[in-house]
Amino acid sequence: MIVKLNSPRFRNCFYQKIGQGKPVFLVHGFGEDAAIFKHQIVDLQNSFELIIPDLPGSGSSQLCDEEMSMELLADFVFEIAEQENFQKIILFGHSMGGYLTMAFAEKYEHKLLAFGLLHSSAYADDAAKKETRRKSIKLIENEGKEVFLKAMIPNLYSEESKLIYLFEMQEHLTMALNISSKALIAYYHAMIKRPDTTQILALVKVPVLFVVGKKDNAIPYIQMIEQASMPAIAKVEILEKVGHTAMNESKKELNRIINNFCLYVLDKK
Ligand code: MLT
């Protein structure tokens with residue numbers, strides 16, 4: 001079911017609501033929308049109530065007037081939880097979705113039973129990453145988003161996956177091309193200015209899942225391993241052949257990991 005968020009801040013924004021059970025949020029990353037999780041829905045909908053938003057500016061959701069930031073996106077997820085009257089949620093974020101998950105953990109830890117970073121990080125961008133993003137913004141402005149996205153999307157897959165998941169990569173690109181240049185640039189500015197949130201990881205009391213792609217070009221796996229020792233309770237899953245997109249490169253394995261982590265969290269409750 002597609003649901004509209006009733007919010008003066010987030011006008012014309014939507015999320016999918018599928019399945020039954022405890023609420024589990026799956027939040028997409030940059031250049032994606034809710035459809036990036038379509039292979040997760042198949043296996044997880046029988047055990048959980050899945051909430052899968054289109055972030056403002058992606059998929060069917062309108063970019064909002066306020067300046068884009070991870071905190072704004074965390075507020076968006078919070079408003080969905082409020083609209084659904086959820087007391088507590090389990091929140092998973094892919095990459096940029098993980099950055100906003102960290103902002104959510106900082107502001108709304110009381111709403112979390114647990115959370116997961118799927119190929120994501122609590123580190124801020126370093127100077128080199130900021131520079132690369134600024135160059136990408138210029139590329140989008142000068143040559144258009146197509147040139148940028150056609151170069152970017154294959155980089156989110158391991159060399160091995162590139163040979164196997166051609167269809168998934170094409171779908172991924174189509175999804176990304178559906179996002180306006182304005183929104184892509186707004187996300188990049190928001191990522192450039194996001195703060196380091198490692199102190200939040202060190203403070204959170206809820207369990208944290210790290211899903212790590214050993215062949216990830218966007219979030220080097222060693223960075224995730226460093227962070228996995230920070231929370232009081234953490235589970236780390238390393239996918240040997242995967243790049244940045246386990247949702248497509250390791251569908252069944254990711255579903256099993258999410259399912260097991262949620263069952264562990266709910267059993268402890
Ligand atoms: C994403 O997948 O959300 C992006 O790779 C995040 C980033 O550029 O840091």
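Each ligand, and each atom within it, is numbered from 1 in the order the structure gives.
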### Query
Relative to the heavy atoms of G29, which atoms of ligand 1 are at a distance of less than 4.0 Å?
3 (O)
#### Entry: ligand 1 atoms in contact with S95 (distance to a heavy atom under 4.0 Å)
1 (C), 2 (O), 3 (O), 4 (C), 5 (O), 6 (C)
### Message
Considering non-hydrogen atoms of the protein only, which is the closest contact for atom 3 (O) of ligand 1, and what is the distance?
### Response
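Looking only at protein heavy atoms, the one closest to atom 3 (O) of ligand 1 is F30 N, 2.7 Å.
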#### Entry: Geometric class of the Y108/F104 ring pair [parallel <30°, tilted 30-60°, perpendicular >60°]
tilted
Going by heavy atoms, is [X] under 4.0 Å from ligand 1?
X	result
Y99	yes
H244	yes
R133	yes

### Query
Can K214 be said to sit on top of Y221's aromatic six-ring, NZ or CZ under 6.0 Å from centre and within 45° of the ring axis?
yes
### Message
Between Y188 and F30, is the ring centroid distance below 6.0 Å?
### Response
yes
### Check: Y165 ring centre within less than 6.0 Å of H172 ring centre
no
### Message
Geometry only, no angles: is A218 polar-contacting ligand 1 at N/O separations under 3.5 Å?
### Response
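In fact, backbone or side chain, A218 has no N or O that close.
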### Task
Give yes if a backbone or side-chain nitrogen or oxygen of M191 is under 3.5 Å from a nitrogen or oxygen of ligand 1, and no if not.
no
### Query
Taking only residues two or more places apart in sequence, or in another chain, which ones meet S69 in a side-chain contact (heavy atoms from CB on, under 4.5 Å)?
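Partners of S69 by the side-chain contact (heavy atoms from CB on, under 4.5 Å) criterion, ordered by chain and then number, come out as E71, L72, K193.
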### Query
Do I137 and H189 touch side chain to side chain, with heavy atoms closer than 4.5 Å?
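Contact flag for I137/H189 side chains = yes.
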